[in-house]
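Below, chains carry the letters A, B, ... as their sequence lines are ordered, and counting in each starts from 1.
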2 protein chains.
Amino acid sequence: MAYDAIETPFGKTDRIVGGAATYVAYAASFFVKPINQVSIVGNDFEQAELDALKKRGVNLEGVEMVKDKKSFFWSGRYHMDMNTRDTLITDLNCFLDFNPVIPESYQDSEFLMLGNILPTLQMSVVEQMKKRPRLIAMDTMNYWMDTAMDDLKKLIAVVDVVMVNDSEARQLSGEFSLVKAARAIMKMGPKFLIIKKGEHGALLFHGDQVFVAPALPLEEVFDPTGAGDTFAGGFIGHLAHTKDISFNNMKTAIIVGSAMASFCVEKFGPTRLKEITRADIDSRIRQFVDLVNFDIELI
Amino acid sequence: MAYDAIETPFGKTDRIVGGAATYVAYAASFFVKPINQVSIVGNDFEQAELDALKKRGVNLEGVEMVKDKKSFFWSGRYHMDMNTRDTLITDLNCFLDFNPVIPESYQDSEFLMLGNILPTLQMSVVEQMKKRPRLIAMDTMNYWMDTAMDDLKKLIAVVDVVMVNDSEARQLSGEFSLVKAARAIMKMGPKFLIIKKGEHGALLFHGDQVFVAPALPLEEVFDPTGAGDTFAGGFIGHLAHTKDISFNNMKTAIIVGSAMASFCVEKFGPTRLKEITRADIDSRIRQFVDLVNFDIELI
């Protein structure tokens with residue numbers, strides 16, 4: 001959980017709540033309660049933001065509040081294509097001492113989503129769970145492939161679902177073909193691999209099966225910050241709600257995640273996630289059905 | 001219709017039949033007969049290739065045979081990512097004098113596919129049709145946007161379906177967002193726009209409606225030459241077979257085109273298109289159904 005300053009071709013915000021755990025929690029909160037949040041915030045983190053999460057059924061017992069440090073702060077500027085960005089500032093602040101502690105009350109959690117952070121911290125969360133969750137999903141990024149590949153591979157070996165983008169899948173596997181990359185990554189341990197391709201949608205791999213989810217063609221991506229985390233939150237939220245971890249249900253979960261991400265990019269930070277209703281989500285999911293449905297009988 | 005020399009990271013061929021019209025005809029021939037081909041070939045064009053097309057129901061009356069010149073020849077080398085290529089040789093040869101003449105026997109054609117060539121030649125074909133075909137579709141490329149934009153826009157104004165890739169859609173419209181680009185291009189005249197995104201699939205726009213077709217995730221793209229033309233051939237072939245030019249049937253046509261293109265890239269040039277059977281195609285189309293189908297009831 002963090003604060004971000006974001007500049008896009010469409011506008012600028014000096015300070016807005018962010019962080020992977022924030023987006024995951026907001027997105028998942030539409031589908032399942034409680035959400036047992038594990039994170040860390042500094043002395044500048046506003047009570048109103050914590051209250052807003054609590055109101056949505058987010059349990060904050062596992063969120064460490066640091067009195068003498070500020071929250072993680074990131075500032076970035078997106079280029080015109082919205083796929084590339086420059087990081088202007090990264091102030092780790094309280095993140096420097098982050099050592100997640102899983103409260104006793106979280107021990108029965110069945111679905112564990114590991115947001116993007118140092119792989120050893122993700123692993124620490126897994127190791128603290130006395131009973132293995134039914135499903136462990138993880139996100140990561142190229143930075144950890146560059147700096148902590150061994151730790152990352154240890155983590156990948158013990159999770160069920162890995163989420164990466166296309167260039168990360170290539171870096172992690174050393175394969176250019178995404179089909180070959182997927183096979184190589186699943187050999188590292190996970191039974192499911194999700195490759196996120198931004199405006200080109202997402203791929204779900206499981207054994208020899210593959211599912212392709214579209215992204216909603218949008219007139220403008222106003223701010224892509226948090227879209228991947230929001231996708232993850234919708235995905236794990238749907239799985240936790242339905243308690244069904246079959247490949248078939250994961251396809252639906254990916255559509256739910258894609259729908260949530262399509263809202264996220266419409267305004268700065270998690271603004272849209274705070275506004276939308278379950279009816280908005282249902283209507284957006286129906287748009288995804290129309291987007292890909294075709295009549296096979298005619299052929 | 002032409003000859004190509006192709007080099008990919010997987011191999012090399014010094015001379016293989018090619019050209020947009022060849023790929024369109026092979027792909028469409030699985031769905032409709034006759035195909036009234038309009039093209040030009042030189043004195044080096046092998047009789048066996050002409051016979052192979054004839055055998056598939058391709059009428060060659062509109063194919064000019066030039067006795068004192070060679071066929072169009074293109075030589076190119078693909079880079080590792082298969083999305084970019086260097087042109088090594090372009091010998092226009094007989095193409096220099098190409099002035100398509102539509103035979104009387106072609107005048108009842110209901111579906112017209114204008115392959116990528118000089119826009120004034122595409123326009124000449126349209127103008128020679130005494131009765132406007134029910135559907136006119138066209139392909140083009142960035143080269144004509146750089147060198148003949150005015151002629152291209154005149155043609156776009158009179159066709160029903162425009163096919164371009166994503167960067168061409170951006171160049172043609174001056175819009176970065178593909179949704180905005182689609183709207184701008186449809187304002188130029190056509191009721192339907194197809195944006196081809198290679199490994200990321202294709203988008204079909206019509207008014208405010210949009211359809212997203214996936215590309216089949218392939219282990220290797222062996223040779224992408226002709227994939228776009230093969231897509232066009234499958235698309236128009238399905239429409240001509242069903243005689244249904246509704247948005248709904250165009251969705252299916254795009255899946256048929258995508259399936260045909262997925263075969264094309266498996267071997268050099270049109271090799272795979274000469275090998276496959278209708279059963280192979282049906283099975284590949286069923287793969288596309290599995291690729292995108294998800295269970296909405298669960299949400």
Side-chain angles (χ1 to χ4, degrees), chain A residues 9 31 80-82 166 170 175-183 195 197-201 203-205 209-221 238 241-242 244 246 248-256 259 281-282 285-299, chain B residues 9 31 80-82 166 170 175-183 195 197-201 203-205 209-221 238 241-242 244 246 248-256 259 281-282 285-299:
Chain A
F31 307 97
M80 192 57 212
D81 70 359
M82 287 293 197
D166 40 1
R170 288 177 172 132
E175 294 281 358
F176 185 82
S177 151
L178 293 181
V179 174
K180 287 188 175 178
R183 197 174 300 143
I195 299 182
K197 302 197 296 173
E199 61 162 331
H200 303 303
L203 301 171
L204 168 66
F205 292 92
Q209 295 176 285
V210 55
F211 172 66
V212 179
L216 195 69
L218 294 168
E219 217 166 293
E220 296 296 3
V221 169
H238 173 74
H241 166 62
T242 52
D244 173 355
S246 66
N248 210 40
N249 194 42
M250 283 206 196
K251 294 182 190 180
T252 308
I254 281 185
I255 296 293
V256 172
I281 296 169
D282 290 344
I285 288 169
R286 279 193 298 273
Q287 274 185 270
F288 275 83
V289 176
D290 290 340
L291 208 54
V292 299
N293 258 15
F294 61 92
D295 198 341
I296 188 72
E297 308 308 324
L298 287 168
I299 298 175
Chain B
F31 307 97
M80 193 57 212
D81 69 1
M82 287 292 194
D166 41 1
R170 289 177 170 133
E175 293 282 357
F176 186 80
S177 150
L178 292 182
V179 175
K180 287 188 174 178
R183 197 174 300 142
I195 299 182
K197 302 197 296 173
E199 62 163 329
H200 303 302
L203 301 171
L204 168 66
F205 292 92
Q209 296 176 285
V210 56
F211 171 67
V212 180
L216 195 71
L218 294 168
E219 219 166 290
E220 296 297 3
V221 170
H238 174 74
H241 167 61
T242 53
D244 172 355
S246 66
N248 209 39
N249 194 41
M250 282 206 197
K251 294 182 188 179
T252 308
I254 281 184
I255 295 293
V256 172
I281 296 169
D282 290 344
I285 288 169
R286 279 193 296 274
Q287 274 186 270
F288 275 84
V289 176
D290 291 341
L291 208 54
V292 298
N293 257 15
F294 61 91
D295 198 342
I296 188 73
E297 307 307 324
L298 287 167
I299 297 175

Revision key, fill the gap. For A:S177 and B:L218, the nearest pair of non-hydrogen atoms, with its separation, is OG-O, 3.6 Å

Practice item. Look up atom CG in B:L203 and atom CG in A:L291, then write down how far apart they are to the nearest 0.5 Å. Key: 8.0 Å

**Study point:** Euclidean distance, B:N249 CG relative to A:D295 CG, rounded to 0.5 Å
**Key:** 8.0 Å

Check your understanding: Does a side-chain heavy-atom distance below 4.5 Å link A:L178 with B:P217?
Key -> no

Practice item. May I ask you to name which of A:Q287, A:E175, A:E219 has the most heavy-atom pairs under 4.5 Å with chain B? Key: A:E219

Review point. Of all residues at least two apart in sequence or in a different chain, which pass the salt bridge (Lys or Arg N to Asp or Glu O under 4.0 Å) check with A:K180?
Key: B:E220

Practice item. Answer with side chain, backbone, both or neither: which region of B:I254 has an atom nearer than 4.5 Å to a non-hydrogen atom of chain A? Key: neither

Point to revise | Segment of B:E199 engaging chain A (4.5 angstrom heavy-atom cut-off) | key: both

Revision key, fill the gap. The single option from B:V212, B:V210, B:V292 that satisfies side-chain contact (heavy atoms from CB on, under 4.5 Å) with A:P214 is B:V212

Check your understanding: Side chain, backbone, both or neither: which part of A:R286 has an atom under 4.5 Å from a heavy atom of chain B?
Key -> neither

Exercise for review: Measure A:F211 against the heavy atoms of chain B and call it side chain, backbone, both or neither at under 4.5 Å.
Suggested key: both

**Study point:** Listed partners of A:Q209 passing side chain to side chain donor-acceptor pair (under 3.5 Å), at least two apart
**Key:** none

